[in-house]
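A short worksheet on the structure shown next.
These numbers come from a predicted model, not from an experiment. The first residue of the sequence shown is numbered 1, and numbering continues consecutively from there.
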Amino acid sequence: MVQQALPLALVRGEIVINKPEDLFIPPDALEIFLEAFEGPLDFLLYLIKKQKFDIVDLPIQEITLQYMEYVDLMRQVKMELAAEYLVMAAMLAEIKSRLLLPKNVFDDENEEDPRAELIRRLQEYEIFKQAAQDIDQLPRMERDTFVSHAVMPETMQPEIENPEIDIQELVMAFQSVLKRASAFSHHEISAEVLSTRERMTQLLDRLSQSDTFVLFPDLFDVTEGRSGVVVTFLAVLELVKESLLEVIQSAAYGQLHVRYKHAQVS
């Protein structure tokens, strides 16, 4: 069984098996970089960490030799990339030569270590590089997180569910009306002229004339005093019990609204 030749490329939808004889590939058309460094300090820091050197006690000779090997490689591949690296190489050579010079015994105390400036720059660069890496790990908008955009269809209408009302809600609303009525209380003694049944009739006559809701406190006349609002409250309870009035609450812990139940539009 003969294995079919693998295609070399796909050009304009056609499979090419053999390389054209007149095909010319420029020398600089394809380049492969095994390591990518952002500058001479970045590469120098890479060599120090790779060899596990102490940055404070930098072995200049070994670092310089490894550094020059990389610079020579860059000069062979692409000369214009080696300019700033050559500056660092010259600095390393200068530091190495200063370390080889004999020291003056009288100036030992005042003489500065030739490596001090380079070590300071390397330490600063390491701090800022680590900070940049930490920042890059933070979540970034449009890279790690994306804002969602959802549009509600125009034909969709939100469904509003009114909270259920129990007797406690009515009692709490009645308490606020009772406090207002206490301001009109007096010490006069008079015969009771109001009855619950009569007040039920009055409420039905009032609410049956409209199909809109009325605020629960508006059903009470606080000028009638405590006895008047109590009679009205009892009348409301009786009408709710007989399913003649509808009481709703537009929101939790909100105002209560009342209307004549038979006036509800189906």
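Remark: L47 CG to I63 CD1 distance equals 5.5 Å, nearest 0.5 Å. Rounded to the nearest 0.5 Å, atoms CZ (R140) and CD1 (I135) are 9.5 Å apart. We find the CD-CG distance between E238 and L245 to be 11.0 Å, quoted to the nearest 0.5 Å. Going from atom OG1 of T64 over to atom CE of M88 covers 10.5 Å, rounded to the nearest 0.5 Å. In this structure, E124 CD and L41 CG are separated by 10.0 Å, a value rounded to the nearest 0.5 Å. Between the CG atom in L45 and the CD atom in Q123 there is a gap of 10.5 Å [rounded to 0.5 Å].
Contact record, I60 with L92: CG2-O, 3.9 Å, taken as the closest heavy-atom pair. When all heavy atoms of L203 and A235 are compared, the pair lying nearest together is CD1-CB, 3.9 Å. Listed here is the closest heavy atom pair of F43 and Q66: CZ-O, 4.5 Å. When all heavy atoms are compared, the tightest approach of Y260 to L244 is CD1-O, 3.4 Å. When all heavy atoms are compared, the tightest approach of Y67 to P40 is OH-CB, 3.2 Å. The two residues R206 and L219 come nearest to each other via the heavy atoms NH1-CA, 3.6 Å.
For Y125, there are no ring pair (Phe, Tyr, Trp, His ring centres under 6.0 Å) partners at least two apart in sequence or on another chain. Taking the side-chain hydrogen bond (donor to acceptor under 3.5 Å, both in side chains) definition, one finds that Q209 meets it with nothing, sequence neighbours left out.
For residues 221-240, the pairs satisfying ring pair (Phe, Tyr, Trp, His ring centres under 6.0 Å) are F174-F233, with sequence neighbours left out.
Shown here is Q133, whose CD atom has more than 12 heavy atoms of other residues, nucleotides or ligands within 6.0 Å. Counting non-hydrogen atoms of other residues, nucleotides and ligands closer than 6.0 Å to CZ of F128 gives a total of 12 or fewer. Crowding of Q61 atom CD: a count of heavy atoms from other residues, nucleotides or ligands under 6.0 Å not exceeding 12.
I248 and V240 fall into different hydrophobic clusters, defined by Ile, Leu, Val, Met, Phe, Trp and Tyr side-chain heavy atoms under 4.5 Å apart, directly or through other members. In the hydrophobic clustering of this structure, M91 groups with Y46; members are Ile, Leu, Val, Met, Phe, Trp, Tyr whose side-chain heavy atoms approach within less than 4.5 Å, directly or through other members. Taken together through direct or relayed side-chain contacts under 4.5 Å among Ile, Leu, Val, Met, Phe, Trp and Tyr, L215 and F213 form parts of separate hydrophobic clusters.
Look at R143 and D136 and you find a salt bridge, because one of the NZ, NE, NH1 or NH2 atoms lies within 4.0 Å of a carboxylate O, short of that distance. At a threshold of 4.0 Å, the pair E224-R199 counts as salt-bridged, since one of the basic side-chain nitrogens sits closer than that to a carboxylate oxygen. With respect to R121 and E117, no salt bridge is recorded, no charged nitrogen being found less than 4.0 Å from a carboxylate O. For K49 and E126, the salt-bridge test passes: some basic side-chain N is under 4.0 Å from an acidic carboxylate O. Contact check on D211 versus R259 returns no salt bridge, with no Lys/Arg side-chain nitrogen under 4.0 Å from an Asp/Glu carboxylate oxygen.
Inter-residue side-chain proximity for M141 and V147 is flagged as met; some heavy-atom pair is nearer than 4.5 Å. D221 has its side chain out of reach of T232: every pair of non-hydrogen atoms, C-beta onward, lies at least 4.5 Å apart.
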Verdict with supporting geometry, E246 and H257, side chain to side chain contact (heavy atoms under 4.5 Å, CB included): CA-CA 8 Å; E246 179 185 5; H257 297 75; over 6 Å; no
V258 and D218: CA distance, side-chain angles, deciding distance, side chain to side chain contact (heavy atoms under 4.5 Å, CB included) verdict: CA-CA 10 Å; V258 184; D218 293 345; over 6 Å; no
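A distance-only check finds no donor-acceptor pair linking the side chain of S210 to the backbone of L207 [under 3.5 Å].
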